[in-house]
Amino acid sequence: MSSPPRVRFAPAPTGFLHVGSARSALFNWLHARHHGGTFVLRIEDTNTELVQPEFYDAITGPLQWLGLDIDEGPYYQSQRLQLYADAIARLLASGDAYFCDCTRVAIDARLAELAGRAGYDGFCRDRQVADGPDVVVRFRVPDSGSTVIDDIIRGHVSFAHAELEDFVIRRSNDTPVFLVANAVDDADMAITHVIRGEDLLNTTPKVQLLWTALGYGEPPRYAHLPLLVGDDRKKLSKRKQAVALADFQRAGYLPEAMANYLSLLGWGPPDDIEIRPMTEIIELFTLEAVHKAPAFFDMKKLDHVNATYIRALPVDDFIERCEPWLTNEAPWPADSYVPEIFAELAPAIQEKAHTLADVPAFVDWLFLADPPIDDDSWRKAMVEGRAAPEMIDGVLARLDHVEWTADAMYALVSEVGEANGLKLGKAQAPIRVAVAGRTVGLPLFESIVLLPRGEVRRRLVAARTRLD
RNA sequence: GCCCCCAUCGUCCAGCGGCCUAGGACGCCGGCCUUUCACGCCGGUAACACGGGUUCGAAUCCCGUUGGGGGUGCCA
């Protein structure tokens with residue numbers, strides 16, 4: 001354990017990279033970085049029937065976005081098939097594996113009579129079946145004894161061989177099952193630590209058995225991470241929305257916030273400071289400190305972490321990161337967007353936005369010819385609020401003579417409010433709704449003077465008209 | 001069914017035999033600040049699943065129960 005660790009993240013390209021997978025990747029990466037080790041990416045694509053080419057990029061893209069730089073690979077198992085075939089041949093030769101031509105239906109029929117058993121009954125163990133089409137290779141699990149996994153997170157986990165079936169290691173289409181590829185590659189790539197989700201814990205003794213039969217010597221250390229669960233306390237599933245890492249990117253989460261939050265699921269820094277730079281997390285992270293219980297993926301907390309990161313961004317950086325939401329994704333026509341106006345307001349927006357996707361809603365009224373007026377806001381400020389018509393009339397009366405600055409507007413609205421017995425908080429509401437369309441938003445006077453005076457007048461008049 | 005794992009506030013983490021009348025964070029509820037909403041600050045709510053042991057002493061160790069999850073495929 002004195003030499004630097006070599007870890008691997010080994011996803012199958014069968015879908016978009018899931019947050020749970022991303023968390024596994026992160027923990028592997030953290031372990032490697034903490035110990036100055038190597039982070040290897042290996043694509044587990046032995047099952048050609050399930051693999052979809054478009055998902056290869058769906059792995060490396062999000063990893064890169066998250067900031068998990070890869071030291072080695074990607075290795076593709078589909079390009080290493082000969083290695084696995086050789087290993088299987090060796091197992092066949094040594095008698096640790098055998099051919100089987102049973103169909104699932106036949107197996108199930110036999111199993112139905114031996115109540116309580118599942119999997120495979122060992123029917124072909126000594127039938128000397130010859131290789132051929134529709135023939136698989138199975139591993140001969142020892143009848144007695146057990147395999148013990150010394151898991152860094154879970155301690156010793158024991159599996160009785162009697163509970164393990166003679167599992168398939170080569171499919172009838174001649175492709176190896178991931179268990180073989182796992183053992184072969186982990187040995188070949190000199191992997192020292194296998195860090196992955198707890199859902200793989202049950203497959204570990206099988207890989208271990210293969211490892212031993214292949215004579216690989218000292219196996220890697222295992223660390224099975226607690227699963228990430230959703231509202232229903234069940235493993236985060238692809239069925240639900242927003243479990244792909246790319247969805248979070250699209251929803252306006254910063255990669256560093258995402259990585260920071262993910263590091264907090266199943267682990268916590270010893271000093272309780274949760275939001276901090278990745279360099280510090282690397283320094284503090286250890287697998288030994290990862291705990292065992294499943295972790296709920298809490299969007300509320302993610303939002304909080306994200307908002308904290310957004311606020312901490314240098315304003316120029318913030319503006320740059322908002323770019324996609326201000327252009328391609330923006331709700332306004334491209335030619336009406338004025339970068340200078342946005343830049344002026346950016347610091348205030350940083351204070352309020354929880355995600356980058358929230359950003360356009362703060363400024364859309366500045367770039368839209370006719371911003372929509374929110375019904376609830378209208379009701380609250382114009383109908384239920386006191387003196388809305390008086391406020392608008394009062395402001396309108398002096399609008400053309402006021403200096404077009406935030407301070408002057410502040411004074412104007414304050415005075416008109418006072419004349420109507422309203423404090424500023426109440427007084428500004430009708431003006432805000434008339435001009436910006438909502439009761440909530442940026443500091444009003446600072447932002448309203450960014451609109452031409454004539455446009456503000458037009459909106460006030462329109463609101464006043466609607467009020468009658 | 002069988003195998004494996006897990007069990008501290010609603011949620012995420014602290015706690016690894018005495019410092020715990022259980023700590024922090026998110027959320028939630030009050031209050032302050034205030035140009036709305038946020039931010040910030042102050043305060044509050046709220047947990048050791050249960051039952052047996054072991055021990056002078058248990059959230060911490062052991063056993064059981066209950067509950068949850070995962071796996072039981074020619075997916076990974």
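Throughout, protein chains are lettered first and strands after them, A, B, ... in sequence-line order, and every chain is numbered starting at 1. These figures come from a predicted structure and were not determined experimentally.
- In this structure, B:A49 forms a base pair with B:U65, meeting either the Watson-Crick or the G-U wobble geometry with both donor-acceptor distances under 3.5 Å.
- The base of B:G24 is paired with the side chain of A:Glu274 by a donor and an acceptor separated by under 3.5 Å.
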>> If you apply the rule salt bridge (Lys or Arg N to Asp or Glu O under 4.0 Å), what do you find for A:Asp121 with A:Arg110, and how did you get there?
In response: CA-CA 8 Å; A:Asp121 58 357; A:Arg110 289 197 301 271; 2.5 Å; yes
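- Between the side chain of A:Glu165 and the base of B:U72, no donor-acceptor pair of N or O atoms lies under 3.5 Å.
- Among the heavy atoms of the strands lying under 4.0 Å from A:Leu442 is at least one base atom, whether or not backbone atoms are also near.
- Figure legend. B:C20 is base-paired to no nucleotide; pairs are counted as Watson-Crick or G-U wobble with both atom distances under 3.5 Å.
- At the heavy-atom level, A:Arg154 lies under 4.0 Å from the strands shown only through sugar-phosphate atoms.
- Under the Watson-Crick and G-U wobble criteria, each requiring two contacts below 3.5 Å, nucleotide B:C74 is left unpaired.
- A:Arg104 comes within contact range of the sugar-phosphate backbone alone, with a heavy-atom separation under 4.0 Å but no base atom that close.
- A donor and an acceptor atom sit less than 3.5 Å apart, one in the side chain of A:Ser172 and one in the base of B:C74.
- Across every strand in view, B:U11 sits in a pair with B:A25 that passes the Watson-Crick or G-U test at under 3.5 angstrom.
- Figure legend: cation-pi geometry between A:Arg23 and A:Phe27, with NZ or CZ positioned under 6.0 Å from the six-membered ring centre and within 45° of its axis.
- At a threshold of 4.0 angstrom between heavy atoms, the contacts of A:Gly197 with the nucleic acid are absent.
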